[in-house]
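Starting from 1, each residue takes its place in the sequence as its number. Not measured: the values here are computed from a predicted model. Basis for what follows: all heavy atoms, side chains included, without hydrogens, waters or symmetry-related copies.
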Amino acid sequence: MKIVTGLLAIIFSSLSFASENYCDIVNGGVTAGYMCVEQKINSAQKQLDIACNDEISTILADDSWAETFKTSLKNRYELGPNFNGVDYVFTYSCGGGAVCGNIFDSGKQHLIDFPTEFLIDSSLMEFDVSYNNKSNQICFSGESAYDKKIFDNQCYKSELGVLVELESDK
């Protein structure tokens with residue numbers, strides 16, 4: 001009987017939390033504290049999503065951007081963040097046998113350029129970019145389309161809206 005009473009108390013107390021702001025619950029214990037943090041994170045994420053959507057919509061409506069750029073940004077945004085937890089890395093053809101790329105920085109609401117445009121068919125170094133959603137580090141390999149500089153797994157970190165080159169281990 002004590003077990004049934006305990007279970008009913010848990011069920012009814014959790015039902016009473018269902019429609020409340022968890023941050024306003026007094027003596028709610030660990031569950032209310034956890035749910036309060038979860039509410040705050042979700043609220044902040046929704047605000048960030050709205051801001052990103054507004055800025056990306058502005059970019060997509062701007063005729064000064066190339067269609068390949070806009071299509072690549074739109075496709076990446078629809079798939080969700082793929083860099084640094086909340087940011088978007090995307091590449092696109094920029095003509096002349098080159099591939100271009102950017103990072104849409106959700107926090108700063110602007111675009112960060114890759115360090116150069118890369119040759120797609122370089123005989124010296126194949127183009128590659130590596131990154132993940134749990135880090136602010138991005139690494140490039142390839143030949144610059146501008147000055148023929150070789151990037152051999154050269155890494156950068158996204159910091160305050162810019163790419164900062166990291167020291168090479170070589």
(request) Looking only at non-hydrogen atoms, find the nearest pair between Lys148 and Leu119 and report the distance. (result)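 Answer, listing the atom of Lys148 first, then Leu119: NZ-CD1, 3.7 Å.
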
(message) Quick check: closest heavy atoms across Ser106 and Tyr88, and the distance to 0.1 Å?
(response)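 For Ser106 versus Tyr88, the nearest heavy atoms are OG-CE1, 3.6 Å.
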
Given side chains that start at C-beta, do those of [X] and [Y] come closer than 4.5 Å, heavy atoms only?
| X | Y | result |
| --- | --- | --- |
| Phe69 | Ile59 | yes |
| Trp65 | Leu73 | no |
| Ser158 | Ile138 | no |
| Leu111 | Ile103 | no |
| Val129 | Ser141 | no |

(message) Can you confirm whether or not the ring centre of Tyr77 sits under 6.0 Å from the ring centre of Phe104?
(response)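 Ring centroids of Tyr77 and Phe104 are no less than 6.0 Å from each other.
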
(request) Apply side-chain contact (heavy atoms from CB on, under 4.5 Å) to Asn84 and list each qualifying residue two or more places apart in sequence or on a separate chain. (result) Asp87, Asn136

(request) Could you tell me which residues satisfy side-chain contact (heavy atoms from CB on, under 4.5 Å) with Leu124, sequence neighbours excluded, listed by chain and number? (result)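 Result, side-chain contact (heavy atoms from CB on, under 4.5 Å) vs Leu124: Ser122, Glu143, Ile150.
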
(message) Could you tell me if Lys149 sits above the aromatic ring of Phe151, with its cationic atom closer than 6.0 Å to the ring centre and no more than 45 degrees from the axis?
(response)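 The answer is yes, since Lys149 meets both limits relative to Phe151.
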
(message) I need the full list of disulfide (SG to SG under 2.5 Å) pairs touching residues 117-146, with sequence neighbours left out, sorted by first then second residue.
(response) Cys139-Cys155

(request) Taking salt bridge (charged side-chain N to carboxylate O under 4.0 Å, His left out) as the test, write out the residues that go with Lys157, two or more places apart. (result)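 Counting only residues at least two positions away or on another chain, Lys157 forms a salt bridge (charged side-chain N to carboxylate O under 4.0 Å, His left out) with Glu159.
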
Using distance only, find each side-chain donor-acceptor pair of residues 92-101 under 3.5 Å and give its atom names and separation, not counting sequence neighbours.
from, atom 1, to, atom 2, distance (Å)
Tyr92, OH, Asn102, OD1, 2.6

(request) Kindly work out whether a path of hydrophobic side-chain contacts (I/L/V/M/F/W/Y, heavy atoms less than 4.5 Å apart) joins Phe140 to Ile112. (result) yes

(request) Following the transitive rule for hydrophobic clusters with a side-chain heavy-atom cut-off under 4.5 Å over Ile, Leu, Val, Met, Phe, Trp and Tyr, establish whether Met125 and Phe118 coincide in one cluster. (result)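 Different hydrophobic clusters.
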
(request) Applying side chain to side chain donor-acceptor pair (under 3.5 Å), name anything that partners Asn75, two or more places apart in sequence or on another chain. (result) none

(message) Do Glu117 and Tyr146 pair up side chain to side chain, a donor and an acceptor below 3.5 Å, judged on atom types alone?
(response) yes

(request) Scan side-chain atoms only and decide if Asn82 and Tyr131 contain a donor-acceptor pair under the 3.5 Å cut-off. (result)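 A donor-acceptor contact under 3.5 Å links the two side chains.
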
(request) Report the C-alpha distance between Ser144 and Asp147 in whole Å, list the side-chain angles of each, state the deciding distance to 0.1 Å, and finish with yes or no for side chain to side chain donor-acceptor pair (under 3.5 Å). (result) CA-CA 6 Å; Ser144 171; Asp147 58 12; 3.1 Å; yes

Measuring from atom [atom1] of [X] to atom [atom2] of [Y], what distance do you get when rounded to the nearest 0.5 angstrom?
| X | Y | atom1 | atom2 | result |
| --- | --- | --- | --- | --- |
| Asp121 | Glu126 | CG | CD | 9.5 Å |
| Leu79 | Phe90 | CG | CZ | 13.0 Å |
| Asp113 | Leu163 | CG | CG | 8.5 Å |

(message) Other residues, nucleotides and ligands only: do more than 12 of their heavy atoms fall within 6.0 Å of NZ on Lys74?
(response)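 At most 12 heavy atoms, drawn from other residues, nucleotides or ligands, come within 6.0 Å of this atom.
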
Whether the side chain of [X] engages the backbone of [Y] through a donor-acceptor N/O pair (distance < 3.5 Å, no angle test) should be reported.
| X | Y | result |
| --- | --- | --- |
| Ser72 | Thr68 | no |
| Asn133 | Phe83 | yes |
| His110 | Gly161 | yes |

(request) Please lay out, stage by stage, how Ser135 and Asn132 fare under the test side-chain contact (heavy atoms from CB on, under 4.5 Å). (result) CA-CA 6 Å; Ser135 170; Asn132 68 61; 3.6 Å; yes

